[in-house]
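Some notes on the structure that comes next.
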Number of protein chains: 2
Amino acid sequence: MQTLSTEDYLKAIYHASQSASGTVATTSIANKIGAKPSSVTDMFKKLSDQKLVKYEKYQGVSLTSEGVKTALRIVRKHRLWESFLVSHLNFNWDEVHQVAEQLEHIQSEKLTNELERFLDYPTHDPHGDPIPNRALFMKSYNKILLTELPLNKEGVCVGVKDNSSDFLRYLDRRQIGIGTPILVLHREDFDQSLHIQAGNSTLMITQKTAENIYIKP
Amino acid sequence: MQTLSTEDYLKAIYHASQSASGTVATTSIANKIGAKPSSVTDMFKKLSDQKLVKYEKYQGVSLTSEGVKTALRIVRKHRLWESFLVSHLNFNWDEVHQVAEQLEHIQSEKLTNELERFLDYPTHDPHGDPIPNRALFMKSYNKILLTELPLNKEGVCVGVKDNSSDFLRYLDRRQIGIGTPILVLHREDFDQSLHIQAGNSTLMITQKTAENIYIKP
DNA sequence: TATCAAATTTAGATTAGCCTAAAAAATATT
DNA sequence: AATATTTTTTAGGCTAATCTAAATTTGATA
Ligand SMILES: [Mn+2]
Ligand SMILES: [Mn+2]
Ligand SMILES: [Mn+2]
Ligand SMILES: [Mn+2]
């Protein structure tokens, strides 16, 4: 049985090892968790004692298969709760993360599985991230960044890379959301900004915005 | 902002002061919480520093009005979650307490209020206990114990005093639940056992059972 | 390759929440 | 009223999770 804190560490390590390959560095977890590197080192040792991570001094950590399972169980709960908050409790997609950060630690398999059934087995959360099923398996469609979508090729927004409130509310104002059809009309060579058609409206977005939007071509 | 532990203490003190009047003793909280009296003393001091209880050495504690409010906020969440688990997630009334014990600590006013709306403003939880509304006000109907119901007077089961799984499952087997109409056919002078009509069936129950069932006459 | 800067770990401390054992106060019993 | 019992508090300790400051190691740079 994990504590709330160890669960957050495992999840952070899991996410970090998704983006960067190889081992995960102390500092990167310190930044994610909001703790000092020395605290992270302490926790790495504890997780290593519990055989949830492989840890070698000065060499970072990687999750063991048991560690991955534990992390995925948290991710599963996090994303199911986020889905519930949006679909039934009138939360906007930029408000759910903080609450799900707490709900993900509730320990009851029955609760998780019944919630999944109640939501009718959703495969993706409100941000387009895949939800691990009961067997902790998740399949995400192959998606590209909007920066990589060729000119005049139809695509659909299926996710976001940046989950910050600021970015999500910005997309709300631009009327871009999961499911919005996107077409790149023009790519400006000078600054890589894009003229796109999003749904019905035509608008300009910066490169920074484009590289935080996932597209299914 | 309270910790999980202080919230559980405040709730325990609140419940204890409902039954017994006056101040609440160290030992009674120790038993409810499952901690040693010395730990309870420590916590009483902390709560007193935060002005959530009035505490005098050797004299027990009583909640301040701020303490009552905090306790009621937890009770509100606890009972709303219990209601949700039973009404939408296929939990039986004997399974909800443990999970609600965790869910009651989730901090999000919006979550609580939206949950209440989603459940359509329930007034009572699955055990018949009243749910404080947003203003922390709750009204319970006047109810009596089944032991006090006069012979041949129609009553309805509106709650239980003992919330243990054992008792609740026993009632399930006897087909007694919230809303079941009850009629006392005979009271045995020897041991105060009752012959009752519960719904369609006639059955015998002990005094101990009867004094854990609330009836609206 | 020697040196320096950055990353990481160690050492030592703090806080919350718990414990046991012993002391003190309150209450019950002779 | 004196004594015995029960309740409560104090004293001192432990663990998890954090911190700061001081080593130590790594790896980049000259
Ligand atoms: Mn979390
Ligand atoms: Mn998400
Ligand atoms: Mn609780
Ligand atoms: Mn209840």
Side-chain angles (χ1 to χ4, degrees), chain A residues 1-13 16-17 19-63 67 70-71 74 101-102 104-105 107, chain B residues 1-14 16-17 19-63 67 70-71 74 101-102 104-107:
Chain A
M1 201 92 304
Q2 305 310 317
T3 68
L4 188 145
S5 194
T6 59
E7 291 188 340
D8 280 339
Y9 272 89
L10 288 171
K11 195 171 52 125
I13 296 167
S17 51
S19 29
S21 54
T23 65
V24 173
T26 306
T27 327
S28 78
I29 297 303
N31 292 332
K32 268 197 221 274
I33 295 276
K36 300 291 163 184
S38 54
S39 309
V40 175
T41 300
D42 280 357
M43 185 59 88
F44 280 1
K45 287 180 193 162
K46 282 177 208 161
L47 293 174
S48 180
D49 290 345
Q50 299 179 253
K51 309 256 190 260
L52 293 164
V53 303
K54 194 165 142 299
Y55 169 56
E56 280 185 284
K57 262 195 204 178
Y58 294 102
Q59 302 306 309
V61 288
S62 57
L63 292 173
T70 308
I74 310 300
E101 201 55 49
Q102 300 172 57
E104 71 191 355
H105 303 289
Q107 313 222 265
Chain B
M1 199 92 308
Q2 306 311 318
T3 67
L4 187 144
S5 194
T6 60
E7 291 187 341
D8 280 339
Y9 272 88
L10 289 171
K11 195 171 52 123
I13 297 168
Y14 173 80
S17 50
S19 30
S21 54
T23 64
V24 173
T26 307
T27 328
S28 79
I29 297 304
N31 292 332
K32 268 196 221 276
I33 295 277
K36 299 292 161 182
S38 53
S39 308
V40 175
T41 300
D42 280 358
M43 185 57 90
F44 280 1
K45 288 180 193 161
K46 282 178 207 159
L47 293 174
S48 180
D49 290 346
Q50 297 179 254
K51 308 255 189 262
L52 293 165
V53 303
K54 192 165 142 299
Y55 170 56
E56 280 184 284
K57 261 196 205 174
Y58 293 101
Q59 302 305 308
V61 288
S62 57
L63 291 173
T70 309
I74 311 301
E101 201 56 50
Q102 300 172 58
E104 70 191 357
H105 303 289
I106 303 292
Q107 313 221 266

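Residue numbers begin at 1 in each chain, while the letters A, B, ... track the order of the sequences. Worth knowing before you read on, the calculation uses all heavy atoms, side chains too, and leaves out hydrogens, waters and symmetry mates.
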To the nearest angstrom, the CG-P distance between B:D42 and C:dT15 comes to 15 Å
- Query: So, is A:K36 close to the D:dA17 phosphate, meaning a side-chain N or O under 4.0 Å from OP1 or OP2?
  - Reply: no
* Any A:T41 side-chain N or O less than 4.0 Å from OP1/OP2 of C:dT10 -> no
Should A:I29 and A:F44 count as side-chain neighbours, where that means a heavy-atom distance under 4.5 Å?
yes
DNA chain D nearest-nucleotide lookup for A:T6 and A:Y58: closer to the 5′ end is A:T6
Practice task
May I ask you to evaluate whether A:K46 reaches the phosphate of D:dA16, defined as a side-chain N or O under 4.0 Å from OP1 or OP2?
Solution key: no
Taken to the nearest whole Å, CD1/B:I29 to P/D:dT9 is 12 Å
Rounded to whole Å, the CG-C1' distance (A:N31 to C:dA6) equals 14 Å
Review point. Think A:T3 has a side-chain N or O under 4.0 angstrom from the OP1 or OP2 of D:dA16?
Key: no
Closest to the 5' end of DNA chain D, once A:Q59 and A:S38 are matched to their nearest nucleotides, is A:S38
So does A:Q107 have more than 12 non-hydrogen atoms from other groups sitting under 6.0 Å from CD?
yes
request  = Report which part of the nucleic acid A:T26 touches: base, sugar-phosphate, or nothing (heavy-atom distance under 4.0 Å, all strands).
outcome  = sugar-phosphate
To the nearest angstrom, the CD1-P distance between B:I33 and C:dG17 comes to 11 Å
Atom CE of A:M43 and atom C1' of D:dT15 are separated, to the nearest Å, by 12 Å
query: Taking OP1 and OP2 of D:dA16, is either one under 4.0 Å from a side-chain nitrogen or oxygen of A:S5?
result: no
So A:D8 and A:K32, do their side chains get closer than 4.5 Å, heavy atoms only? no
Taken to the nearest whole Å, NZ/A:K57 to P/D:dA23 is 16 Å
A:Q2 meets the side chain to side chain contact (heavy atoms under 4.5 Å, CB included) criterion, sequence neighbours left out, with A:T6, A:E7, A:Q50, A:L52, A:T70
Rounded to whole Å, the CG-C1' distance (A:L47 to D:dT18) equals 15 Å
Nearest heavy-atom approach of A:A12 to A:I33 is CB-CD1, 4.0 Å
I want to check one thing: is the phosphate of D:dA16, taken as OP1 and OP2, less than 4.0 Å away from some side-chain N or O of A:Y9? no
- request: Using a heavy-atom cut-off of under 4.0 Å over every strand shown, decide if A:F44 touches base, sugar-phosphate, or nothing.
  value: nothing
### Query
Reckon B:K45 has a side-chain N or O less than 4.0 Å from the OP1 or OP2 of D:dT9?
no
